[in-house]
Amino acid sequence: MDVTNKPAALRRYKIQPGTNEPVESKKLMKVILTVLFNQIVVGLPFAYVSLWLMTYRGLQPIRELPTFHWVLFEMAILILVEEIGFYYSHRFLHNRYLYRVIHKKHHEWTAPIAVTAVYCHPIEHIFSNLLPPFLGVLLMGSHVATAWLWFSLAILSTLNAHSGIHPIPKYNHFINGLDNHGADVLGHMFNQCYGVLGLMDRLHGTDSVFRSTQAYSRHIMMLSLVPPREVFPDPDKCKSK
Ligand SMILES: [Zn+2]
């Protein structure tokens, strides 16, 4: 969709219309190369170390599946552990020095597309993207099937969060007063929305600006097919001047 700009019917759901529509091939190539590097050069050794740690902890017999209720319970723990791990690692990356050296790369995209989810420095990929979802699995000693289900959901969630499309709620800290991931109205609010779900941000008050913007009213599950931008339009900027 980002490359072809089709189908037109779905473009109505763009959070920042006109941005990266379609995306420039040169920019996209740069993202793809970084993502492949993170997936292969960083991701594969990380998976190997994870397996080693899980084996050390004691792997569950692969042919005995956990019960459905246990999977649900574990899923709740995995989500919470990731929320905490991602919140603090991400907030830490916004330290003046670390931001300049590591995290700035991820924020090059102010109107992101799904594939930019892991467009970042390799150090960030390890500590912010790979470690937080894995920590819960290690803590709980999850069955490989539970781990795969969890990782798939976590990946879908981050792809949605970076897609720049709004059929389901977005919780990003790239907000700009329109929706998240942008820079034109209030400027980048780099001290906002570090978490995934918003639990930790509510706890630390790092969602106060986000909650005062129009983006927050759009931050809901839309049960109709009308784009959130049309249901909650931007306030008339001329009137306020
Ligand atoms: Zn950030």
Asker: Do Leu130 and Ile155 land in one hydrophobic cluster if side-chain heavy atoms of ILVMFWY residues count as linked below 4.5 Å?
Answerer: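 No, Leu130 and Ile155 fall in different hydrophobic clusters.
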
Asker: So, Lys14 versus Asn20: side-chain donor-acceptor pair below 3.5 Å or not?
Answerer: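 Lys14 vs Asn20: no donor-acceptor pair found between side chains.
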
Asker: With no hydrogens and no angle check, just 3.5 Å: does a side-chain donor-acceptor pair link His94 and His103?
Answerer: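 Yes.
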
Asker: So, Thr55 side chain and Leu51 main chain: donor-acceptor pair closer than 3.5 Å or not?
Answerer: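 Checking the backbone N and O of Leu51 against the side chain of Thr55, a donor-acceptor pair under 3.5 Å is found.
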
Asker: For the residue pair Ile32 and Tyr119, establish whether any side-chain heavy-atom pair is separated by less than 4.5 Å.
Answerer: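 In short, these two side chains do not touch, never coming nearer than 4.5 Å.
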
Asker: Does the salt bridge (charged side-chain N to carboxylate O under 4.0 Å, His left out) test come out yes or no for Lys30 and Glu24, once each step is laid out?
Answerer: CA-CA 10 Å; Lys30 193 180 163 202; Glu24 268 173 55; over 6 Å; no

Asker: Which heavy-atom pair separates Ile77 from Met140 by the least distance, and what is that distance?
Answerer: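 In this case the closest contact between Ile77 and Met140 is CG2-SD, 3.7 Å.
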
Asker: Are His106 and His162 close enough that a side-chain donor and a side-chain acceptor fall under 3.5 Å?
Answerer: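 Looking only at side-chain atoms, His162 and His106 do form a donor-acceptor pair, the distance falling under 3.5 Å.
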
Asker: Honestly curious: do Trp148 and Val71 fall in one hydrophobic cluster under the side-chain, below-4.5 Å linking rule?
Answerer: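 No: no chain of side-chain contacts under 4.5 Å links Trp148 to Val71.
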
Asker: Are Leu159 and Phe151 grouped together when hydrophobic residues (ILVMFWY) are joined by side-chain heavy atoms under 4.5 angstrom apart?
Answerer: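 No, Leu159 and Phe151 fall in different hydrophobic clusters.
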
Asker: Okay, side chain of Arg11, backbone of Asn5: is any donor-acceptor separation there less than 3.5 Å?
Answerer: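 Answer holds: no.
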
Asker: Taking C-beta and beyond as the side chain, do Leu93 and Tyr99 meet within less than 4.5 Å on heavy atoms?
Answerer: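 Of all side-chain heavy-atom pairs linking Tyr99 with Leu93, none is under 4.5 Å.
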
Asker: Taking Val196's backbone N and O only, do any of them form a donor-acceptor pair with Glu83's side chain (distance below 3.5 Å, no angle check)?
Answerer: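 Yes, the answer is positive, given that a donor and an acceptor are paired below the 3.5 Å cut-off.
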
Asker: Check Tyr87, Tyr88, Tyr194 against His204 for a side chain to side chain donor-acceptor pair (under 3.5 Å) and give me the one that passes.
Answerer: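 Between His204 and the candidates, side chain to side chain donor-acceptor pair (under 3.5 Å) is satisfied uniquely by Tyr88.
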
Asker: Answer yes if Leu53 and Leu78 sit in the same cluster of Ile, Leu, Val, Met, Phe, Trp and Tyr residues linked by side chain heavy atoms under 4.5 Å apart, and no otherwise.
Answerer: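 Same hydrophobic cluster.
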
Asker: Just by distance, do the side chain of Trp150 and the backbone of Pro133 share a donor-acceptor pair under 3.5 Å?
Answerer: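 Yes: the side chain of Trp150 pairs with the backbone of Pro133.
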
Asker: Do His125 and Phe37 touch side chain to side chain, with heavy atoms closer than 4.5 Å?
Answerer: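 No. Closest side-chain heavy atoms not under 4.5 Å.
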
Asker: Can you confirm whether Leu44 is buried at CG, in the sense that more than 12 heavy atoms of other residues, nucleotides or ligands lie under 6.0 Å from that atom?
Answerer: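 Yes.
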
Asker: Quick one: does Arg202's side chain have a donor or acceptor within less than 3.5 Å of a partner on Ser208's backbone?
Answerer: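 Checking the backbone N and O of Ser208 against the side chain of Arg202, no donor-acceptor pair under 3.5 Å is found.
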
Asker: Could you measure the distance from the OG atom of Ser142 to the CE atom of Met54? Nearest 0.5 Å is fine.
Answerer: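 Ser142 atom OG to Met54 atom CE measures 6.0 Å (nearest 0.5 Å).
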
Asker: Once rounded to the nearest 0.5 Å, what's the spacing between atom NE2 of His121 and atom OG of Ser128?
Answerer: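 Answer rounded to 0.5 Å: 13.0 Å.
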
Asker: Can you give me the closest heavy-atom contact between Cys120 and Asn129, atom names plus distance?
Answerer: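 Looking at all heavy atoms of both residues, the shortest contact is SG-ND2, 3.5 Å.
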
Asker: Quick one: are Cys193 and Thr206 in side-chain contact, heavy atoms under 4.5 Å?
Answerer: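 Cys193 vs Thr206: side chains apart.
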
Asker: Between His143 (side chain only) and Pro61 (backbone N and O only), is there a donor and an acceptor less than 3.5 Å apart?
Answerer: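 Yes: the side chain of His143 pairs with the backbone of Pro61.
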
Asker: At what distance, to the nearest 0.5 angstrom, does CG of Asn38 lie from CD of Glu124?
Answerer: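 It comes to 9.0 Å.
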
Asker: Does some side-chain heavy atom of Leu153 sit less than 4.5 Å from a side-chain heavy atom of Ile79?
Answerer: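 Side-chain contact under 4.5 Å: no.
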
Asker: Check whether Gln60 reaches the backbone of Gly141 with its side chain - one donor and one acceptor, N or O, closer than 3.5 Å.
Answerer: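 Pair found, side chain donor or acceptor close to backbone of Gly141.
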
Asker: Rounded at 0.5 Å granularity, tell me how far CG in Leu139 sits from CD in Glu74.
Answerer: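 Here the rounded value is 9.5 Å.
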
Asker: Run the side-chain contact (heavy atoms from CB on, under 4.5 Å) test on Leu59 and Val144 for me, step by step, so that the C-alpha distance in whole Å, both residues' side-chain angles and the decisive distance to 0.1 Å come before the verdict.
Answerer: CA-CA 8 Å; Leu59 281 178; Val144 69; over 6 Å; no

Asker: Decide yes or no for His90 and Phe127: does some side-chain heavy atom of the first lie under 4.5 Å from some side-chain heavy atom of the second?
Answerer: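 Result no, sub-4.5 Å side-chain heavy-atom pair not found.
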
Asker: Just verifying a value: how many Å separate Ser50 OG and Leu135 CG, rounded to the nearest 0.5 Å?
Answerer: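 Answer for the OG-CG pair, Ser50 versus Leu135, is 9.5 Å.
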
Asker: Treating Thr116 as the side-chain partner and Pro112 as the backbone partner, does any N or O pair qualify as donor plus acceptor under 3.5 Å?
Answerer: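 Not a single qualifying donor-acceptor pair exists.
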
Asker: A side-chain contact here means heavy atoms from C-beta on lying under 4.5 Å apart; do Val81 and Val137 qualify?
Answerer: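 Of all side-chain heavy-atom pairs linking Val137 with Val81, none is under 4.5 Å.
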
Asker: Does Asp2 reach the main-chain N or O of Val23 with its side chain, forming a donor-acceptor pair under 3.5 Å?
Answerer: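 No, because the side chain of Asp2 does not come within donor-acceptor range (under 3.5 Å) of the backbone of Val23.
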
Asker: State yes or no: do Leu131 and Val41 share one hydrophobic cluster built from I, L, V, M, F, W and Y residues joined by side-chain heavy-atom distances below 4.5 Å, directly or via other members?
Answerer: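 Shared cluster, yes.
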
Asker: Going by side-chain contact (heavy atoms from CB on, under 4.5 Å), Val118 matches just one of Val35, Leu36, Val42, Val31. Which one?
Answerer: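 Of the listed options, the one satisfying the test is Val35.
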
Asker: To the nearest 0.5 Å, tell me how far Phe92 CZ sits from Ile102 CD1.
Answerer: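 Answer rounded to 0.5 Å: 9.0 Å.
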
Asker: I want to check something: taking the side chain as every heavy atom from C-beta on, are Lys105 and Thr34 in contact at a cut-off of under 4.5 Å?
Answerer: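 They are in contact (side-chain heavy atoms under 4.5 Å apart), so the answer is yes.
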
